[in-house]
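The next block holds one structure in the form of structure tokens; read it before the comments.
Ligands are counted one by one from 1 in listed order, and the atoms in each one are counted from 1 as well. Because only heavy atoms are used, hydrogens play no part in the values below, and waters and symmetry mates are left out as well, while side chains stay in.
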Amino acid sequence: MSINWRDDWSIGVYDIDSQHKELFRRINALLDACNQGRGNEEVASTINFLGTYVETHFRAEENLMLKNNYPDYKSHKEIHENFIKSFKELDGRFKTEGVKPYLIIETNRIVVNWLIAHIQNIDKKFGTYFKEKQSQLSFK
Ligand code: FEO
């Protein structure tokens, strides 16, 4: 099962949307590795590949918020930190328990469902703020 990007997930900020697409590409690589029964080592390396990018993306998004004096920066960053914690726990479980069907279900819940909901509810709020700010600047 692959996750196909949907245009209504777009938050309207080009760099962030591109990064979200890349996140889904990496999630798909992980789900494929799990579902195709590839070895623990390969799954571990796709989790790493995803985890590294998640952190890169969060930092880029947070920097853009800071630069634009986004009022919800702190709470948004906290949500990111909590996700990183859950992701690391999941990563640890893959390492100790190996690739198990229930861990694939957990990955869908913890990573896929979370990310879709986060983009649609939390990132979109920032997207709206950012676009408004840009349009105000262009009228000055
Ligand atoms: Fe795109 Fe707030 O993560």
Side-chain angles (χ1 to χ4, degrees):
M1 184 197 68
S2 281
I3 315 298
N4 292 317
W5 174 262
R6 285 174 34 175
D7 285 338
D8 65 333
W9 293 345
S10 164
I11 72 160
V13 181
Y14 182 82
D15 286 350
I16 301 297
D17 285 332
S18 307
Q19 290 170 15
H20 287 157
K21 287 177 191 165
E22 177 62 23
L23 276 176
F24 282 103
R25 275 191 283 274
R26 292 187 185 215
I27 286 172
N28 283 334
L30 170 61
L31 293 175
D32 285 349
C34 290
N35 289 323
Q36 290 164 9
R38 304 218 203 110
N40 290 350
E41 242 170 65
E42 196 172 336
V43 170
S45 97
T46 56
I47 291 180
N48 260 355
F49 183 64
L50 170 62
T52 306
Y53 196 73
V54 164
E55 297 208 28
T56 303
H57 164 63
F58 284 170
R59 296 295 94 88
E61 203 175 84
E62 289 158 12
N63 282 336
L64 201 59
M65 287 182 216
L66 269 182
K67 260 197 213 154
N68 288 279
N69 303 312
Y70 184 50
D72 293 339
Y73 164 78
K74 250 182 120 177
S75 59
H76 196 142
K77 184 179 168 65
E78 216 172 280
I79 294 169
H80 286 169
E81 299 302 336
N82 288 336
F83 175 80
I84 290 173
K85 234 168 97 189
S86 313
F87 187 85
K88 283 186 176 157
E89 277 165 21
L90 182 69
D91 180 24
R93 290 184 64 195
F94 269 105
K95 283 191 178 101
T96 53
E97 298 162 40
V99 184
K100 298 283 186 317
Y102 60 84
L103 280 182
I104 303 173
I105 294 168
E106 282 289 275
T107 304
N108 272 302
R109 186 179 66 80
I110 294 171
V111 181
V112 180
N113 296 349
W114 183 92
L115 194 64
I116 293 170
H118 179 75
I119 290 172
Q120 284 188 307
N121 299 309
I122 311 291
D123 287 350
K124 262 193 185 162
K125 273 191 202 159
F126 171 63
T128 305
Y129 171 88
F130 180 84
K131 283 182 286 180
E132 226 161 77
K133 192 139 194 190
Q134 296 302 303
S135 74
Q136 281 166 5
L137 286 176
S138 63
F139 282 115
K140 277 188 181 163

Task: Spacing of CH2 belonging to W9 relative to CG belonging to D17, to within rounding of 0.5 Å - done: 12.0 Å
Open item on the list: So does G12 get a backbone contact from the side chain of K131, meaning a donor-acceptor N/O pair under 3.5 Å?
Closed with: no
Open item on the list: Among residues at least two apart in sequence or on other chains, which ones pass salt bridge (Lys or Arg N to Asp or Glu O under 4.0 Å) with E22?
Closed with: R25, R26
Open item on the list: Tell me whether the rings of H80 and F58 are parallel (<30°), tilted (30 to 60°) or perpendicular (>60°).
Closed with: parallel
Open item on the list: Can you classify the ring geometry of W114 versus H118 as parallel (below 30°), tilted (30 to 60°) or perpendicular (above 60°)?
Closed with: parallel
TODO: Can you establish whether the number of heavy atoms outside K100 located under 6.0 Å from its atom NZ is more than 12?
DONE: yes
- [ ] Would you list the protein N, O or S atoms within less than 2.8 Å of atom 1 (Fe) of ligand 1, leaving out water?
- [x] H20 NE2, H57 NE2, E61 OE2, D123 OD2
